[in-house]
Amino acid sequence: MKEKVSSLLKDFPKEKFCEDLIGWFQREQRPLPWREDKDPYKIWVSEVMLQQTRVDTVIPYFRRFIEKYPDMRALAEAREEELLKMWEGLGYYSRVRNLQEAVREVCEKYGGVVPKSREQFGKLKGVGPYTAGAVLSIAYGIPEPAVDGNVMRVLSRIFLIGEDIAKAKTRNLMEDLIREIISRDDPSGFNQGLMELGAIVCKPKAPACLLCPVQEHCRAFAAGLQEEYPVKTKSGKVKTVHLAAAVLTDERGRVLIRKRPKEGLLANLWEFPTEEADGLHFPDRAADFAERMKRKHGIRVEITGPLGKVEHVFSHLKWQISAYYGRAEGEIMETDTFKAVPLPDLEKYPFPVPHQKIFAMYQGDIGTEKGGSRTGKVRP
DNA sequence: AAGTCGGGGAG
DNA sequence: CTCCCAGACTT
């Protein structure tokens, strides 16, 4: 392992590389909200949000989040439901639960100071190898590697590394490599420079090599192979789950919603009552749905009609939801996980995106009175 | 090492 | 459509 790194570094001008990379970063970096100061807490929040999530997507979430929770104490005291509402639509919801748990631990065990060692910081919930290195280097100037997808792509090209970047040991190799070449003067500029380069120059497809500040150091470019790197095994296709969901109103016009289980997919988010519906079609599917609602919640349900279909693709599975609307009759027994809420109050609850789409169809159909979009698309 | 966990933008 | 994004956790 050590052998591999030193052979890759043979004849590699570390100093010049750092100089070119960091100089470019200082000139060309995008102004981003988490670059306005070096508060470790804010850097941390940004890095968690940026896990598997684009910069442009994160920006508005980051602004709202920091405005609501300007310091660790504020975040530590927040209610989970409010937290999920702030995270609604960002995905990977366990990130924000883990972040709060970790922040609470920093407040209690570390006197409210983000630990400055990888051993301590990296043990916190939701802080993996990447996030640990990113926060320590950017906030504290500690020379630790921060290897994300961008960095693996950039390094695989510069050093012509053909190892599969989907494998864990390849990331370890990259980290060893970074430890050897990272700038001791400016670890923050170095790590951010690699990521920024990956984001705006050394892109997955059609990299802008002619604009690259480290083109002269790039072995893939020298060989004309930049498009062939990195090597990555592709993921298989996802399986489909068929669901039936319904927007149900009671006699007082309230809408029935249900809280998802506290673990697993979309944990603790709310949704319109949903049941598996394999192999059934309307109206049998609607009848089966009503039967399940009676068994689970003791409620008589009448499906009035179809709203449309919603298809939602996750990382590892696909939902095909047939959405309906209808009425719930009799007294509604509310619990912590089952509620009847007035329509204007719905926005207080965190919903997954596919259920937001169902609600949009409901408003469209009910609003126009004559039904309309049955295509699963939200109309303008 | 392989699954689980969201959602969206780009080509 | 496919790819992949400032990844981490669980088994």
Quiz prompt | With Glu329(A), the salt bridge (charged side-chain N to carboxylate O under 4.0 Å, His left out) member among Arg300(A), Arg252(A), Lys294(A) | solution = Arg300(A)
Exercise. Could you check which residues of residues 314-324 of chain A get a heavy atom under 4.0 Å from DNA chain C? Sort them by number, please.
Key: none
Exercise. State which residues pass salt bridge (charged side-chain N to carboxylate O under 4.0 Å, His left out) with Arg295(A); sequence neighbours excluded, sorted by chain then number.
Key: none
Practice problem: Could you give the distance separating dG3(B) and dA6(C) at their P atoms, to the nearest angstrom? | Solution: 25 Å
Quiz prompt | Rounded distance in Å - CD (Glu228(A)) to P (dC3(C)) | solution = 14 Å
Self-check item: Members of residues 145-153 of chain A that approach DNA chain C, where some heavy atom sits under 4.0 Å away
Solution: Asp148(A), Gly149(A), Asn150(A), Arg153(A)
Quiz item: How about Tyr61(A) and Trp87(A): are their ring centres within less than 6.0 Å of each other?
Solution: no
Practice problem: Go through DNA chain B in 5' to 3' direction and return only the first and the last nucleotide with some atom under 4.0 Å of chain A's heavy atoms. | Solution: dT4(B) to dG9(B)
Quiz item: Base, sugar-phosphate, or nothing for Arg260(A), non-hydrogen atoms under 4.0 angstrom?
Solution: nothing
Quiz item: Which ones in residues 74-95 of chain A lie close to DNA chain B, meaning a heavy atom under 4.0 Å from one of its atoms?
Solution: Gly89(A), Leu90(A), Gly91(A), Tyr92(A), Tyr93(A)
Quiz prompt | Close aromatic pair by centroid cut-off 6.0 Å: Phe351(A) and Phe359(A) | solution = no
Quiz prompt | Interatomic distance where CD belongs to Gln29(A) and C1' belongs to dA6(C) [whole Å] | solution = 14 Å
Quiz item: Quick one: do Glu119(A) and Lys123(A) make a salt bridge, cutoff under 4.0 Å?
Solution: no
Quiz prompt | Separation of dG7(C) P from Arg171(A) CZ (nearest whole Å) | solution = 11 Å
Quiz item: Can you list the residues that meet the ring pair (Phe, Tyr, Trp, His ring centres under 6.0 Å) rule with Phe62(A), with sequence neighbours excluded?
Solution: Trp34(A)
Quiz item: Quick one: Arg118(A) CZ to dA8(C) P, roughly how many Å, whole number?
Solution: 10 Å
Exercise. Report the residues that fulfil ring pair (Phe, Tyr, Trp, His ring centres under 6.0 Å) with Tyr69(A), sequence neighbours left out, ordered by chain and then residue number.
Key: Phe65(A)
Practice problem: With heavy atoms under 4.0 Å as the rule, sort Lys203(A) into base, sugar-phosphate or nothing. | Solution: nothing
Self-check item: Within 6.0 Å of CD in Glu347(A), more than 12 heavy atoms from elsewhere
Solution: no
Quiz item: Rounding to a whole Å, what distance do you find between Lys167(A):NZ and dG7(C):C1'?
Solution: 18 Å
Quiz item: Of Lys205(A) and Val353(A), whose nearest nucleotide on DNA chain B comes first from the 5' end?
Solution: Val353(A)
Practice problem: Please test Lys4(A) against Glu163(A) for salt bridge (Lys or Arg N to Asp or Glu O under 4.0 Å), starting from the C-alpha separation and ending with a verdict. | Solution: CA-CA 12 Å; Lys4(A) 207 169 239 169; Glu163(A) 320 271 336; 3.5 Å; yes
Quiz item: Sequence neighbours excluded, which residues qualify as side chain to side chain contact (heavy atoms under 4.5 Å, CB included) partners of Lys348(A)?
Solution: Asp345(A)
Quiz prompt | Integer-rounded Å distance: dA6(C) P and Phe25(A) CZ | solution = 13 Å
Quiz item: Looking at Glu302(A) and Arg327(A), does any basic side-chain N land under 4.0 Å from a carboxylate oxygen?
Solution: no
Quiz item: Would you say Arg258(A) has more than 12 foreign heavy atoms packed within less than 6.0 Å of its CZ?
Solution: yes
Exercise. Please report, rounded to the nearest Å, how far the C1' atom of dC4(C) is from the CG atom of Asp56(A).
Key: 15 Å
Quiz item: Is there a donor-acceptor contact under 3.5 Å from the side chain of Gln100(A) to the main chain of Leu75(A)?
Solution: yes
Exercise. Begin from the C-alpha positions of Arg285(A) and Ser322(A) and carry the test side-chain hydrogen bond (donor to acceptor under 3.5 Å, both in side chains) through to its verdict.
Key: CA-CA 9 Å; Arg285(A) 177 173 287 187; Ser322(A) 297; 2.5 Å; yes
Self-check item: Close residues, residues 36-54 of chain A, relative to DNA chain B [heavy-atom separation under 4.0 Å]
Solution: Gln52(A), Thr53(A), Arg54(A)
Exercise. State plainly whether one hydrophobic cluster holds both Met174(A) and Leu21(A), where clusters connect Ile, Leu, Val, Met, Phe, Trp and Tyr through side-chain heavy atoms under 4.5 angstrom apart.
Key: yes
Self-check item: P gap between dT11(C) and dG6(B), integer Å
Solution: 16 Å
Considering only nitrogen or oxygen atoms on both sides, find all protein atoms under 3.5 Å from nucleotides 9-11 of chain C and state each distance.
residue	atom	partner	partner atom	Å
dC9(C)	OP1	Gly126(A)	N	2.4

Quiz item: Can you list the steps and then say if Tyr130(A) with Gln51(A) is a side-chain hydrogen bond (donor to acceptor under 3.5 Å, both in side chains)?
Solution: CA-CA 9 Å; Tyr130(A) 164 75; Gln51(A) 289 166 9; over 6 Å; no
Self-check item: By side-chain hydrogen bond (donor to acceptor under 3.5 Å, both in side chains) - contacts of Lys259(A) (at least two apart)
Solution: none
Exercise. Check side chain to side chain contact (heavy atoms under 4.5 Å, CB included) between Val238(A) and all other residues, then give those that pass, not counting sequence neighbours.
Key: Lys318(A)
Exercise. Decide if atom CD of Glu331(A) counts as having more than 12 heavy atoms of other residues, nucleotides or ligands within a radius under 6.0 Å.
Key: no
